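For reference, the structure discussed in these notes is given below.
Chain letters run A, B, ... following the sequence lines, proteins first and then strands; every chain starts at 1. Since the model is a prediction, treat every value here as computed from it, not as a measurement.
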Amino acid sequence: MSNKLVLIDGNSIIYRAFFALPLLNNDKGVYTNAVYGFTTMLLRILEEQKPTHMLVAFDAGKTTFRHSTYKEYKGGRQKTPPELSEQFPLVKELLDKFNIKHYQLDQYEADDIIGTLAKQGNEQQWDVSVISGDKDLLQLVSDSVTVNVTKKGISDVEAYTPSYLLEKMEITPEQIIDLKALMGDSSDNIPGVPGVGEKTATKLLKQFKTLEEVYEHVEEVSGKKLKDKLINHKEDAFMSKELATINRTSPIEISLEDLVYTGYHPNQVSTIFKDLGFQSLLERIGVEGESEEEKAELEALDFSIVDEVSKNMFTGEDALVIEMLVDNYHKTPIEGIGLVNHSGAYFIPTEVAAASKEFKTWAEESSNKKVVFDAKKTLVALLKHDIHLKGINFDMLLASYLLNPSENNHDIPAIGHRFGKKGILFDEEVYGKGAKMKVPEESVLADHIVRKTNVLFELQAEMEKQLEDNEQLELLKELEMPLALILGEMEHTGVQVDIDRLEEMGSELKERLDEIEQRIYEIAGERFNLNSPKQLGPILFEKLKLPVIKKTKTGYSTAADVLEQLENEHEIIPKILLYRQLGKLQSTYIEGLLKVVDKQTSKIHTRFNQALTQTGRLSSIDPNLQNIPIRLEEGRKIRQAFVPAKKDWIMFAADYSQIELRVLAHIANDEKLISAFKNDLDIHTQTAMDVFHVEKDEVTSNMRRQAKAVNFGIVYGISDYGLSQNLGITRKEAKRFIDRYFESYPGVKQYMEDIVQEAKHKGYVTTLMKRRRYLPEITSRNFNLRSFAERTAMNTPIQGSAADIIKKAMIDLHEKLLDEKLQARILLQVHDELIIEAPKEDVDSLKEIVPAMMENTVELNVPLKVDYAYGSSWFDAK
DNA sequence: TTCCTCACGC
DNA sequence: GACGTACGTGAGGAAT
């Protein structure tokens, strides 16, 4: 088998990579973009070329033998940026891990090392491949030496063989040197002959073959000016030739045999990849058995697998982890339980804990403090085993969320890594993912769970300290943690669903949908997949020749706002809109809800995600009960299926009226806005009066609609563009509305300006209850990123404070219902409203209690106002 | 699986 | 003047 030698021009590739890629850095703040680019290139070469011998050559230092010929050689170059310099040692370290030789030689450049070895390889008739970003190296091309030059960026190379070179540049490899001699090279400061560029040089070489020949026959050169220049700069030309010539007999101290390459060990490489933060490359090197390997590296952790729980395992300050493999803890079995405290670490198999009286006693005693990860999940999971967990003292999930909501991974291993705890694997590494996910054998499972519990135990103090520094400890302990328990109860209680009612609506819908669908096919003259915008687009805009209003990345847009503009153009449009509307009801709400109803109890148990949104709001999943239709009557009927769990009970719904705008009035301390709310005016009408400068009775419904959209925009932090889309007006008009709004409410304008400054100064904004949102992009030079951050700075204190308020109201109300010994219970929260179920006879009490608790939970300089209603279903509570 | 488009709520 | 524009969840189709 013939040998394959790969020679890489290290400097050239690293420079290319550095300038081609954005300035990435890893979690330690080390710049890695050039290393990353170099590594991707390296991996590709290893895969594609399968070298038997390999070397990466580097330039040695400032001066080379060429400087004695011409001291200006490479003069005028920009200094290498420090962000790049620091990456060279990293590349060399990386090469060591790959078992790839690298070499540099004093007074010589990488080119010369490569030239010398390429020549040796050529003589041995090896297959030689050179990789560089520099076309100078093309002089090395021969039948057995291929030179690969990176094209723009580093992702692609162009392989030069003698014939390709001839085709592309119309010259031979040897002539590359002559070409350089004539045209020079500004990047290396090689002078060449002034006025001779690539075109002229190529022409001359085609005619005379070599530089020497050119000068021997210089009289035959056509064009007087060119001739004169050649004659006048003869010395420059020959010096340039000398400079451009790669030395193929450098005094290197290595031989071809030293370059033997036998492959790398993925584990050795994976360590440095992890240090550098090259997660995406780990897979590429096939670190499959990573969990096994990694585990071997983890320090052993002592723990016992418990077969009987005993009192003396507990200290009264214990970390507890309830492990489940699937996120839906309402219907997922517990895989095992971890317990760590000052005196020991334990793995308790689920059935051992479930059967243990000792465990239940410990768990239910509130004076036993528990450190947990995700109090709500822990609580709900144990409730299913009839264990009522009390005494939760710290919730790491919520703590991590409060410290930085923009962190999107809050599981224990991720938090552990962020806080420098390395002795832990990610769940995915232990359990696998997707179809390959499975429970490992008990010893592996137990080890992983105990490690997690250990991280939890060890990090509590540090995280509390950080929260304390941020003045957020109260937010955690007095707001989010108590709320978690209430949410847990709400989820566990669930909402009763009238399945028959849903199915009835479903079959009605099905009939109507079938009918509309058939009618649409008739009008279109063909059958197609109506749910596919990709298929619908051509039908509407090609076959029926409707005007194209908007395009998406993949074709014509058929979104509702587009179709609405075409409503009167063709009879098919309203039918499609109706089909979409009803189809949504059918698939998401009827079928979707039926899928998640507990067949035994006919109840739905959503999960409120308390550690997700950037503003502090909750979200609801599996199913989402925060987006049940209400705007259109047809959809609103879905709410008829949400009913009280018990006979003679009612649904009671209470919602804050304009809570965000009231919060804005308070935070901005805007006199006009405050007085509008103090006088309990219709805020949209008031805004219309102020923006359009009209009296109350002159406000038309259209003016009010526009004013409402402006208020909406203020609350949600949308841009002039967003407002223009909302109102179907131009961006300029939208901007005028916003300007007028600010003229009317100078306090609001001042607040908006101040909060942006504050965000720039501190790097974050806060809410009423000290929730934080970091906005690093507020200082970005990118207009979009910065604008977005600015709008976020304005909006988050408003939305976030409103979220704080309703959260506190839930705690107050929950406590009050207990105090009053009412059976009423909160079922759902939908951002500004609470859904409660209660016995009929509690209604009078609720009418008093609920608004009172919600309105008085905080005191602002405007009143909070709560509206309420009740009835025999959620639909009727309107 | 993952991405895109669409649609529902606040 | 560019850029791509409140936050969420979920369904279905299409490309991988």
Result block: side-chain N/O donor-acceptor pairs under 3.5 angstrom for residues 559-577 of chain A, not counting sequence neighbours:
| unit_1 | atom_1 | unit_2 | atom_2 | d |
| --- | --- | --- | --- | --- |
| A:D561 | OD2 | A:K550 | NZ | 3.4 |
| A:Q565 | NE2 | A:D561 | O | 3.4 |
| A:H570 | ND1 | A:I572 | N | 3.0 |

If you look only at distance, which donor and acceptor atoms sit under 3.5 Å apart when one is on a side chain in residues 753-760 of chain A and the other is two or more places apart or in another chain?
| unit_1 | atom_1 | unit_2 | atom_2 | d |
| --- | --- | --- | --- | --- |
| A:D754 | OD1 | A:Q750 | NE2 | 3.0 |
| A:E758 | OE2 | A:K762 | NZ | 3.2 |

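Between the side chain of A:R791 and the backbone N or O of A:G717 there is at least one donor-acceptor pair closer than 3.5 Å.
Contact annotation: A:R631 side-chain N/O to B:dG9 OP1/OP2 distance is under 4.0 Å. Note on A:N529: a side-chain N or O is less than 4.0 Å away from OP1 or OP2 of C:dG13.
Counting only N and O atoms by type, the side chains of A:Y716 and A:E660 include no donor and acceptor under 3.5 Å apart. Between the side chains of A:Y401 and A:E480, no donor-acceptor pair of N or O atoms lies under 3.5 Å. Under the 3.5 Å distance criterion, with hydrogens and angles disregarded, no donor-acceptor pair is assigned to the side chains of A:S532 and A:N529. For A:S873 and A:R501, the side-chain atoms include no donor-acceptor pair closer than 3.5 Å.
A heavy-atom distance below 4.0 Å to DNA chain B is reached by these residues of residues 612-628 of chain A, ordered by number: A:R617, A:Q626, A:N627, A:I628. Contacts with DNA chain C (heavy atom under 4.0 Å) in residues 547-578 of chain A: none are found. For the contact set between residues 532-540 of chain A and DNA chain B, defined by any heavy atom under 4.0 Å, the members are A:P533.
Here the separation of C:dA6 from B:dG9, taken at their C1' atoms, is 13 Å to the nearest Å. For the P atoms, the distance linking C:dG4 with B:dC4 amounts to 13 Å, nearest Å. Separating the C1' atom of C:dG1 from that of C:dT5 is a span of 16 Å, rounded to the nearest Å.
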Using Watson-Crick and G-U wobble pairs whose two distances are both under 3.5 Å, how do you write the pairing of DNA chain C as dot-bracket, with | for links to another strand?
-> ......|||||||||.
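Here A:D832 lies in heavy-atom contact (under 4.0 Å) with sugar-phosphate atoms only. At a threshold of 4.0 angstrom between heavy atoms, the contacts of A:R786 with the nucleic acid are absent.
Under the 30°/60° scheme for interplanar angles, the aromatic rings of A:H330 and A:H605 are found to be tilted.
With C:dT5, C:dG10, B:dG9 as the choices, the nucleotide that has an atom nearest any side-chain atom of A:P629 turns out to be B:dG9.
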